[in-house]
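Letters A, B, ... mirror the listed sequences (proteins, then strands); counts begin at 1.
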Amino acid sequence: VRKTQIAITGIGAVSAAGPGVDRLYRGLKRAKRVFTPNRRFDLDIDVTVGAASGECFAFHDCANLDSPTGRLCLAAASECSSDARHRGSGPPDGLVVGTSTGGQLLNEEVVFPLLGARTPFSFDYRGQGCMAAPTRLVARALEIVGPVQTVSTACTSSANAIALGAALLKNGRLKRVIAGGGDALCRTTISGFHALELTGEKMCAPFGPERPGMTLGEGAGFLMLECLDDVRAEGRECLAELLGFGMSSDAHHMTAPPDDGAGAELAMSRALKMAGLAHGGVHHINAHGTGTRLNDAAEAAAINRLFGADVPVMSCKGLVGHTLGGSGGIEAVASVLAIRERRAFENIGAEVPGEDCPISLVPQGGLDLPDRPVILSNSFAFGGNNCALVFGAP
Amino acid sequence: MRLFVHGFGVLGVGFDQPFTQGIGRLEKIPIEQHAALALRRRFGRLSKLIYTAASRAIADAGVNDPSKLAVVGSTAMGEVSVSLDLLAQIHSSKGKTLSPKLVPNSVHNSPAGYLSIGYENHHPSLTVSQGWLSAEAGLAAASDLLTSTSCEQVLVVSGDEADPSWVGRLVQAGAADWAENLEQEAFQECAAAFVLGPEPGGRNLGSLSAGVERVSPDQQGLAEMLKRNEVLPGREAEIRVRVGAGGADLQEIAAGELGIGRDQIHLDGPGQGTCQAGAMASLASFIINNRSGELLLLGREIDEVGFIHYKIA
């Protein structure tokens, strides 16, 4: 395994908190939620969602038929690319995008009229409807010439995309990779999670005693990854380091983790090993924390076994909802912000953990972090897919 | 990075039953030979295809403990039949009444998830999807996983089901060039799997290198891209370009840039695998039918070029 160190030289995000990283930062700091009842889709389901505002989709280079997921990804990736350019980075020579739904919303728009015996509009499946549609939109707009990849592992998609982006740098062929991902809300997502009884009308309360279920959201988050040696050699600034990543499979059930969170623990352990860290070296955890009874209890059990009950934990989903394939990317951006501010943001939605969650939550107002904080970010998914990322101060 | 092929397995039209024109769908998937009833009754069609191909590859490679393999899945469309069923249910019930059994199968990584459950495998698992270049993307991801983690062998599984109703609906929708090129597209249901490692294994079939890159709009730089990826096909190499979006253009560009005659580059036509599963089918056919030699398989979709370079050991 090559030991290439990875620098983060740019970040970008869009979410229910608003367009841009600054809106995400202000949302995390103020802890003010903007969840609303679903009004976008005509469904017989009462559900609260973290919908992104129109500004997050309205990107100037997009055509009318570009997928909403692609638009969210492009907005975040463009901000990330600009942010990196301000720090002296050149253009990315590789792109890895994670998404769970890709162009599914457009597919719905095409198939629904057909099911109702009406003529739908014409579209380009390979450019706008397939899973790789967001990747293709971003690559075209950012004029990326080089390796492109679309990861689709449900809710770990963008965390895995970041890990794969780091892998592309570690194998030595590229200098700069933009990696992350996103998902827009669609009917399939809202109806699917409702069918599994994982969503509720009330807002989510990650790790809290009363957990009414997850609040679905939408958004995207991207990081610019570079080799740390190159960044240092050129005397450039970086925001944080990606110290390691760990992946694992539960081998248990397609939609539920094992009670003890063994697969989650394995992913976290592998990430720590790659980072060369002992368990005591982690100062804060940005948890997956979906707000469902089973997921939160399993994750908390795994965290407790690895780190004890004292490491402060928060979940971004209390602010922006569960953005599925975008969650790992947005949470990576939030982790970089926490490193920049030397501050853990509060766990929005629950102040104290439930009895089945033996961990400490970041309290109201947040917590100071040490001068060189190390943060672990977790992502877990259907299929028993797990990915943990470790970030550190530069 | 070149990967060494320790074993492979394939299942599909053209292998388990003869090629057919148009949309070729397997009459039978022998999943009962490979997965327990309690598990396989949850599978969608794609999972059955992929699980069978994976089991064949594991047996071919002589892997004693499949729980130690990392897994990379690749599929262009995922469980298409499941997605269509879900959309029909959403449409008819306004989202209220969906089968909870279908929902987990709607994600692209469901076949890889079932593999991890069936083989009690806790190792890393990735699923990638790059349209008709997904097979190439899956092999490339395997290489990146082996380089950057402590995994010693990777099981790469790739496939797509052929669902006539879905293709028909998209054609009815006039989905751009699909409608025009459907005859050439020739959906042939297929899944293939490879057990790969960074070093030659006890059973060493050959070595391969693969990737997907976005190219400049004029597609110049193909030779440079191949060189950068350490793909240097010899004079006797068999070179095939998949027909589809821009296949003929790619043939001309490849001939020019590689300095060979256009007639030395074979165009894979109808029935020879032009969708993503077809890339694996072409590769599998080459492995089965040749005892020596090398194959360079090129494909293009929109502004991306994919390649698989295979050398028989």
Gap separating the OG atom of B:S148 from the CG atom of A:L168, nearest 0.5 angstrom: 8.5 Å

Best-contacting candidate, B:G211, B:S129, B:A70, B:P104, against chain A by heavy atom pairs under 4.5 angstrom: B:S129

Side-chain heavy atoms of A:C130 within contact of B:M77, under 4.5 Å: no

Chain B contact via A:E197 - side chain, backbone, both or neither, heavy atoms under 4.5 Å: neither

Options A:G246, A:A166, A:A251, ranked by heavy-atom pairs under 4.5 Å with chain B, top entry: A:A251

Main-chain N/O of A:I144 paired with B:R214 side-chain donor or acceptor, under 3.5 Å: yes

Side-chain touch A:R136/B:I302, heavy atoms, less than 4.5 angstrom: yes

Heavy-atom pairs under 4.5 Å with chain A, option from B:V107, B:D144, B:T97 with the top count: B:D144

A:V148 vs B:Q130 side-chain heavy atoms within contact, under 4.5 Å: yes

Greatest number of heavy atom pairs closer than 4.5 Å to chain B - which of A:F382, A:F245, A:F112: A:F112

Partner chain B: residue of A:S191, A:A132, A:G129, A:S249 with the largest heavy-atom pair count (under 4.5 Å): A:S249

Residue A:F41 versus chain B: region with a heavy atom under 4.5 Å: neither

Contact winner vs chain B - A:T101, A:T156, A:L196, heavy-atom pairs under 4.5 Å: A:L196

Residue part contacting chain A, namely of B:Y114, when any heavy atom lies under 4.5 Å: both

From CG (A:L174) to CZ (B:R228), nearest 0.5 Å: 8.5 Å

Reported CD1-to-CD1 distance for the pair A:I190 and B:I90, which is rounded to 0.5 angstrom: 9.5 Å

For B:H108, all residues meeting ring pair (Phe, Tyr, Trp, His ring centres under 6.0 Å), sequence neighbours excluded: none

Toward chain B, the part of A:L266 with a non-hydrogen atom under 4.5 Å: side chain

Top of B:A137, B:A140, B:P100 for chain A proximity - count of heavy-atom pairs under 4.5 angstrom: B:A137

Under 4.5 Å from a heavy atom of chain B, the part of A:H194 involved: side chain

Heavy-atom proximity to chain B below 4.5 Å, by part of A:D250: backbone

Minimum side-chain heavy-atom gap A:R270-B:H123 below 4.5 Å: yes

Spacing of CG belonging to B:L98 relative to CZ belonging to A:R187, to within rounding of 0.5 Å: 13.0 Å

Contact winner vs chain A - B:A141, B:G118, B:S125, heavy-atom pairs under 4.5 Å: B:S125

A:S152 versus chain B, the contacting section by heavy-atom distance below 4.5 Å: both

Salt bridge flag under 4.0 Å for residues B:D303 and A:R140: no

CG on A:L169 to OG1 on B:T147, rounded to 0.5 Å: 12.0 Å

Option that, when pairs with chain A are counted at under 4.5 Å, heavy atom only, ranks first among B:L126, B:L145, B:L86, B:L115: B:L126

Interface residue of largest heavy-atom contact number with chain B, from A:A161, A:S248, A:G263, under 4.5 Å: A:S248

Pairs of heavy atoms under 4.5 Å with chain A: top-ranked of B:L87, B:V71, B:V103: B:L87

A:D42 side chain reached by B:K94 side chain, heavy atoms, under 4.5 Å: yes

Reported CD-to-CD distance for the pair B:E136 and A:Q149, which is rounded to 0.5 angstrom: 11.0 Å

More than 12 heavy atoms of other groups within 6.0 Å of B:R42 CZ: no

Option in A:E108, A:E143, A:M254, A:M131 with maximal non-hydrogen atom pairs under 4.5 Å from chain B: A:M254

A:T135, part contacting chain B, at a heavy-atom distance under 4.5 Å: side chain

